[in-house]
Amino acid sequence: QVQLVESGGGLVQAGGSLRLSCTPSGLTFSIATMGWFRQAPGKEREFVAGISQDGIRTNYGDSVKGRFAISRDNTKNAVYLQMSNLSPEDTAVYYCAAGYSRTVSVTSGGYAYWGQGTQVTVSS
């Protein structure tokens, strides 16, 4: 059974930083493409960032480019999302996702497994 567990969410002031972590189990992490998505109340789920199996290729949503960084540690079976210069518009539930696509998909359809999400709230 595949499980993805996110951690690191919370409340932060605008301009601050947070680091999200995701630790999957039940899948072969080293060959899985990993991604982060977010969903704000009343909005559709939005692609945030994705990373290839070897960590070399990354993709970012336009709204987070230059502020967020995705990384992974295959020795720890973990993927991270470093978020900087946060704004209230970044407030959302953040979801970790995993798949076996050859490309770093920017759509939810490219990922087969999902975590339960972690809340990030940015106050102004």
Side-chain angles (χ1 to χ4, degrees):
Q1 182 180 0
V2 177
Q3 287 188 320
L4 281 69
V5 179
E6 302 100 335
S7 61
L11 175 64
V12 63
Q13 288 188 333
S17 299
L18 276 177
R19 187 195 196 204
L20 304 183
S21 299
C22 173
T23 51
S25 61
L27 55 75
T28 307
F29 183 75
S30 62
I31 63 171
T33 301
M34 301 299 299
W36 288 96
F37 289 74
R38 67 185 182 185
Q39 188 166 18
K43 294 188 177 181
E44 293 186 353
R45 189 167 293 190
E46 174 189 16
F47 172 76
V48 175
I51 190 166
S52 61
Q53 296 87 337
D54 55 11
I56 294 177
R57 289 171 287 125
T58 57
N59 277 334
Y60 293 95
D62 288 341
S63 61
V64 306
K65 284 180 181 176
R67 300 189 298 122
F68 291 12
I70 188 171
S71 62
R72 65 190 293 162
D73 186 340
N74 285 357
T75 66
K76 297 181 179 179
N77 277 21
V79 62
Y80 308 101
L81 185 67
Q82 179 67 48
M83 305 184 293
S84 302
N85 193 22
L86 286 160
S87 72
E89 289 68 35
D90 295 314
T91 295
V93 177
Y94 283 71
Y95 297 91
C96 177
Y100 290 116
S101 171
R102 292 188 175 184
T103 61
V104 181
S105 179
V106 300
T107 65
S108 58
Y111 299 88
Y113 307 102
W114 295 82
Q116 294 297 310
T118 185
Q119 177 70 46
V120 171
T121 302
V122 184
S123 63
S124 57

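Being a predicted model, the structure only gives us computed values, none of them experimental. Sequence positions, counted from 1, serve as the residue numbers for this chain.
Counting only distance, with no hydrogens or angles, the side chain of Gln13 and the backbone of Ser123 share no donor-acceptor pair below 3.5 Å. Panel note: side chain Asp90, backbone Ser84; no donor-acceptor pair is recorded below 3.5 Å. Side-chain N or O atoms of Thr121 include none that pairs as donor or acceptor with a backbone N or O of Thr91 at under 3.5 Å. Of the possible polar contacts, none joining the Arg72 side chain to the Thr33 backbone as a donor-acceptor pair under 3.5 Å is found. With hydrogens and angles ignored, the 3.5 Å screen pairs no side-chain donor or acceptor of Arg57 with any backbone N or O of Ser52.
Contact between Ser63 and Glu46 at its shortest, heavy atoms only, is OG-OE2, 3.0 Å. Val93 and Gly117 get closest at one heavy-atom pair: CG1-CA, 3.8 Å. Across every non-hydrogen atom of Gln82 and Ser17, the tightest pair is NE2-CB, 4.0 Å. Closest of all the heavy-atom pairs between Leu20 and Met83 is CG-CE, 3.7 Å. Summarising the geometry of Phe29 relative to Asp73, their closest heavy-atom pair is CE2-O, 3.8 Å, with the distance given to 0.1 Å.
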Verdict with supporting geometry, Cys96 and Trp114, side-chain contact (heavy atoms from CB on, under 4.5 Å) = CA-CA 6 Å; Cys96 177; Trp114 295 82; over 6 Å; no
ask   = When you look at Glu6 and Tyr94, which way does the side-chain contact (heavy atoms from CB on, under 4.5 Å) test go after all the steps?
value = CA-CA 8 Å; Glu6 302 100 335; Tyr94 283 71; over 6 Å; no
inquiry  = Lys76 vs Ser21, test: side-chain contact (heavy atoms from CB on, under 4.5 Å). Steps then yes/no.
reply    = CA-CA 11 Å; Lys76 297 181 179 179; Ser21 299; over 6 Å; no
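Note on Ile51: it does not cluster hydrophobically with Ile56, by side-chain heavy-atom contacts below 4.5 Å among ILVMFWY residues. Met34 is not connected to Tyr80 by any chain of hydrophobic side-chain contacts under 4.5 Å among Ile, Leu, Val, Met, Phe, Trp and Tyr, and they are in different clusters. There is a path of hydrophobic side-chain contacts, each under 4.5 Å, that joins Phe68 to Val122. Residues Val48 and Ile70 share a hydrophobic cluster, clusters being chains of Ile/Leu/Val/Met/Phe/Trp/Tyr side chains in contact below 4.5 Å. If you chain together hydrophobic residues whose side chains sit under 4.5 Å apart, Val2 and Val79 fall into the same group.
Expressed to the nearest 0.5 Å, how far CG of Asn74 lies from CD of Gln53 amounts to 9.0 Å. To the nearest 0.5 Å, atoms CZ (Arg45) and CZ (Arg38) are separated by 13.0 Å. Residue Ser71 holds its OG atom at 6.0 Å from CZ of Arg19, rounded to the nearest 0.5 Å.
For residues 38-65, the pairs satisfying ring-ring contact (aromatic ring centres under 6.0 Å, His included) are Phe37-Phe47, with sequence neighbours left out.
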Got a list of side-chain donor-acceptor pairs under 3.5 Å for residues 98-105, not counting sequence neighbours?
unit_1 : atom_1 : unit_2 : atom_2 : d
Tyr100 : OH     : Thr28  : N      : 3.2
Ser101 : OG     : Thr103 : N      : 3.1
Ser101 : OG     : Thr103 : O      : 3.0
Ser101 : OG     : Thr103 : OG1    : 3.2
Ser105 : OG     : Thr107 : N      : 3.2
Ser105 : OG     : Thr107 : O      : 3.1
Ser105 : OG     : Thr107 : OG1    : 3.2

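In this structure, Gln116 places its CD atom where only 12 or fewer heavy-atom neighbours from other residues, nucleotides or ligands lie under 6.0 Å away.
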